[in-house]
Amino acid sequence: MTWSLMIHGGAGRIERGRTPPNVEAGTRAGLLAALDAGAAVLAIGGAALDAVETAVRVLEDDPHFNAGRGAALTREGTAELDAAVMDGRTRAAGAVARVSYTRSPVALARAVMERSRHVFLAGVGADAFSREQGLEQVENVWFVTDARRANLAELLARNPDAYDVDMKYGTVGAVARDAAGHLAAATSTGGVTGKCWGRIGDSPVIGAGTWADDRSCAVSCTGAGEFFLRAGVAHEIEARLRLAGHVPAEAVAAVLEEVRALGGTGGVIAMPASGPPVWRFTTPGMSRGLADADGTRRVALFGDEE
Ligand code: ASP
């Protein structure tokens, strides 16, 4: 089996002419750094699970993306972070929602998977578990950047009830197949700008924004979470592969069309148990990258890039 790693840094209105050159350059550099970090794990025979966590941690620390530092802000101007990880070998999974002080939410999701008997922890309890486990803690304001404050101010001035996903996605995710043929997926996000009332999107929900099963594929999503939740996107893609005999491109396209029919847009990365991975999006662009054992190493942002 040859290893392969695909990442995303969110889908949305990422278009030539709308993306300032410094943002484009920073986003590409961030994607490459994450891709290289994850690929380095796989290249020495490391596990898919370690590779996806490693890649996502790099993106969480990079303020160009809506996860960890640089997360989209709640209506109150705070960061509430969601993340999930899943191991295709065993379908072990860990997820957290609305965490406020853990520097790496994806590392916390992995701790839930490996060091608790639960799958999904939220809010103050997830923060308490994080402290108990000795994960790195930061002040909430550490996640808050001027760019995200400006996004929030713009949204509140325009229409506080707007669903801003088309404007500023940036959720991050990774899917990998390691040299032993095992799959894993991870996703991390700040959610959507201006969220309130404890809103949680698809990203941390196992089967909606994140899924991995060695029998079929690993999936990480980005997009309008409310619609991805209702389509059960990640599990729906894997079920189409495993039960309906779809090829990955066909399954991903069909499920994104289901999301569109419900009223949502976004993107998906999917790593099959064998064969090449797939990325696809129904937004103008999606930040994305691919590295593999054959020497592929490329990132892209816009819809007209390969
Ligand atoms: N899917 C994420 C959410 O709804 C948003 C994103 O992809 O940026 O929370």
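Each ligand, and each atom within it, is numbered from 1 in the order the structure gives. Values in this document were obtained by computation on a predicted structure and should not be read as measured data.
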Next item on the list: Give a yes or no answer on whether the side chain of Thr283 reaches the backbone of Gly285 with a donor-acceptor pair at less than 3.5 Å.
Entry: yes

Notebook entry, point to check: In chain order, what residues pass the side-chain contact (heavy atoms from CB on, under 4.5 Å) check against Leu290, with sequence neighbours excluded?
Noted result: Ser4, Met6, Pro277, Trp279, Thr296, Arg298

Notebook entry, point to check: Which atoms from ligand 1 have a heavy atom of Asn66 less than 4.0 Å away?
Noted result: 8 (O)

Item checked: For Gly170, the ligand 1 atoms whose distance to one of its heavy atoms is below 4.0 Å -> 8 (O)

Item checked: NZ/NE/NH1/NH2 to OD/OE distance under 4.0 Å, Arg230 and Glu226 -> no

Checklist line | Atom indices of ligand 1, in the order listed, that fall short of 4.0 Å to a heavy atom of Ser203 | finding: 1 (N), 2 (C)

Next item on the list: Show which atoms of ligand 1 fall inside a sub-4.0 Å distance from at least one heavy-atom site of Gly225.
Entry: 4 (O)

Notebook entry, point to check: Which of the listed options, Val233, Thr283, Thr193, Thr171, holds the heavy atom that is closest to atom 8 (O) of ligand 1?
Noted result: Thr171

Item checked: Sub-4.0 Å heavy-atom contact, Glu226 with ligand 1 -> no

Notebook entry, point to check: Asp213 side chain to Arg91 main-chain N or O, any donor-acceptor pair under 3.5 Å?
Noted result: no

Next item on the list: Specify side chain, backbone, both or neither for His8, according to which of its non-hydrogen atoms lie closer than 4.0 Å to ligand 1.
Entry: neither

Check: Is a salt bridge present between Asp292 and Arg177, judged by a nitrogen-to-oxygen distance below 4.0 Å?
Finding: no

Next item on the list: Check ligand 1 against Asp202 and write out every atom of the ligand that is under 4.0 Å from a heavy-atom position of the residue.
Entry: 1 (N), 2 (C), 3 (C), 4 (O)

Check: Are Arg57 and Glu60 within salt-bridge range, i.e. N to O under 4.0 Å?
Finding: no

Check: Is there a donor-acceptor pair closer than 3.5 Å between any side-chain N or O of Asn66 and the backbone N or O of Ala72?
Finding: yes

Next item on the list: Please determine if Gly191 has a nitrogen or oxygen closer than 3.5 Å to a nitrogen or oxygen of ligand 1.
Entry: no

Margin query: List ligand 1 atoms under 4.0 Å from Thr222, heavy atoms only on the residue side.
Written below: 6 (C), 7 (O), 8 (O)

